[in-house]
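Lettering follows sequence order; numbering is per chain, from 1.
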Amino acid sequence: MPELPEVEIASRNLSAWTAGRVIVAARTPDLARFEGDASDLAGRRVNSWRRVGKYLVAELEGGLAVLSHLGMTGQWIADAPPERAHQRVVLVLEGAGPQTVSLIDPRRFGWTWILRSADVASHPRLVDLGPDPLSGDLDLEGFQSAIGQGKTALKSRLMNQRVIAGLGNIAISEIGWRARVHPHRACESIGPEEWARLWSATREHLEYVLEVEDGEEIEYQSSAGAKNPFVCYGREGEPCSRCPTLLDRLTLAGRVTFYCPTCQEEAP
DNA sequence: TAGTATGTTGGCGC
DNA sequence: AGCGCCAACATACT
């Protein structure tokens, strides 16, 4: 599930659960997609967690860091019961507060790395990431210049983590619909007002999802009984909430995008 | 059973 | 060089 907002929530939760506390032991019930030596974590105090695009970074005392990516289905939760399925990494903590935090990842697309803090910024997964749309640094001008003016489809640029870091397949549908810009549009054809709408839509989408998904355990849309919180994603065949048109779907780069054929015209 | 899934990498052809 | 497309990774759910 995780796109930028879910990873941001995970970062805040992990910080609240573990900052200032000592890791007694680290267990890796499933070593898939884990690099480094888990035993290096024992005895280290957690200084902080932060988010970089869709990555989580924990800084530990002594210049060690944990880098974590949630893949498609990963989430960190506190005090997972031992019988909880799909636990891939478990950090056991000392003192008051949750006794463990666990990476739960049914589909096992997530990754965890143990590395030196000094090597985080140059890690191959992080070194080429584009600007983060939630960082205070990025504004409309920076957003537009990051995406650029080529012939490439808007969706491709927004999905490319080297262009802008953190947006995912859901965000692309939501941003396009909110901004009333078709995902197939060549970036060079997008006008100033549309750029302004795209940037506002990006911020509004991210802030909206941060609000609705805030909590200790993120609910996947695919899980039984989960309500679709999105304005457009997953709503093929439902009426657009701005006009009577039924929302449609298209595939680009192997991923489905939902859109309104009336509000989001294919040609400028 | 087949189809689908919120991510990323790497190969191929253009 | 950069893109579109595809397959791969591994699993759960409908």
| 5'-most contact on DNA chain B: A:Gln161 or A:Arg107, nearest heavy atom basis? | A:Arg107

[X] [atom1] - [N] [atom2] separation (whole Å):
{"X": "A:Arg108", "N": "B:dA5", "atom1": "CZ", "atom2": "P", "answer": "22 Å"}
{"X": "A:Leu129", "N": "B:dT9", "atom1": "CG", "atom2": "C1'", "answer": "14 Å"}
{"X": "A:Ile170", "N": "B:dA5", "atom1": "CD1", "atom2": "P", "answer": "11 Å"}
{"X": "A:Arg249", "N": "B:dG3", "atom1": "CZ", "atom2": "C1'", "answer": "10 Å"}
{"X": "A:Leu4", "N": "B:dT8", "atom1": "CG", "atom2": "P", "answer": "11 Å"}
{"X": "A:Arg235", "N": "B:dA5", "atom1": "CZ", "atom2": "P", "answer": "16 Å"}
{"X": "A:Gln87", "N": "C:dA10", "atom1": "CD", "atom2": "P", "answer": "20 Å"}
{"X": "A:Trp111", "N": "B:dG10", "atom1": "CH2", "atom2": "C1'", "answer": "13 Å"}

| query | Which one of A:Arg180, A:Arg185, A:Arg178 satisfies the salt bridge (charged side-chain N to carboxylate O under 4.0 Å, His left out) criterion with A:Glu194? | reply | A:Arg185

| With a 4.5 Å heavy-atom cut-off, do A:Leu129 and A:Gln161 have their side chains touching? | yes

| Between A:Arg88 and A:Thr112, is any pair of side-chain heavy atoms under 4.5 Å apart? | no

Of all the choices, [options], which nucleotide is nearest to the side chain of [X] once you look at every atom?
{"X": "A:Pro106", "options": "B:dA5, C:dA12, C:dC3", "value": "C:dA12"}
{"X": "A:Arg125", "options": "B:dT8, B:dA5, C:dG4", "value": "B:dT8"}
{"X": "A:Thr152", "options": "C:dT11, C:dG4, B:dT9", "value": "C:dG4"}
{"X": "A:Ser156", "options": "C:dG4, B:dG7, B:dA5", "value": "C:dG4"}
{"X": "A:His86", "options": "C:dA12, B:dG7, B:dT9", "value": "C:dA12"}
{"X": "A:His69", "options": "C:dG4, B:dG7, C:dT11", "value": "B:dG7"}
{"X": "A:Phe109", "options": "C:dG4, C:dC9, B:dT9", "value": "C:dC9"}
{"X": "A:Asn160", "options": "C:dC3, C:dG4, B:dA5", "value": "C:dC3"}
{"X": "A:Arg33", "options": "C:dC3, B:dG7, C:dA12", "value": "B:dG7"}

| said: Once ring pair (Phe, Tyr, Trp, His ring centres under 6.0 Å) is applied, what residue pairs with a partner in residues 120-141 of chain A remain, sequence neighbours excluded? | reply: A:Trp113-A:His123

| message | Same cluster or not: A:Phe34 versus A:Trp76, using hydrophobic residues (I, L, V, M, F, W, Y) connected whenever any side-chain heavy atoms lie under 4.5 Å apart? | response | yes

| In terms of hydrophobic clustering (I, L, V, M, F, W, Y; side-chain heavy atoms under 4.5 Å; direct or indirect links), are A:Trp199 and A:Trp177 co-clustered? | no

| remark: Here the pair of heavy atoms bringing A:Leu246 nearest to A:Pro261 is O-CD, 3.5 Å

| query | Which atoms form the tightest heavy-atom contact between A:Asp132 and A:Val52, and what is the distance? | reply | OD2-C, 4.3 Å

| B:dT8 OP1/OP2 closer than 4.0 Å to side-chain N/O of A:Lys54 | yes

| task | Considering just the side-chain nitrogens and oxygens of A:Arg255, establish if one lies under 4.0 Å of OP1 or OP2 belonging to B:dG7. | result | yes

| message | Base, sugar-phosphate or nothing for A:Gly168? Non-hydrogen atoms, less than 4.0 Å. | response | sugar-phosphate

| note | When pairs are called at under 3.5 Å and a stem needs at least three consecutive Watson-Crick or G-U pairs, the stems of DNA chain B are B:2-5 with C:11-14, B:7-14 with C:2-9

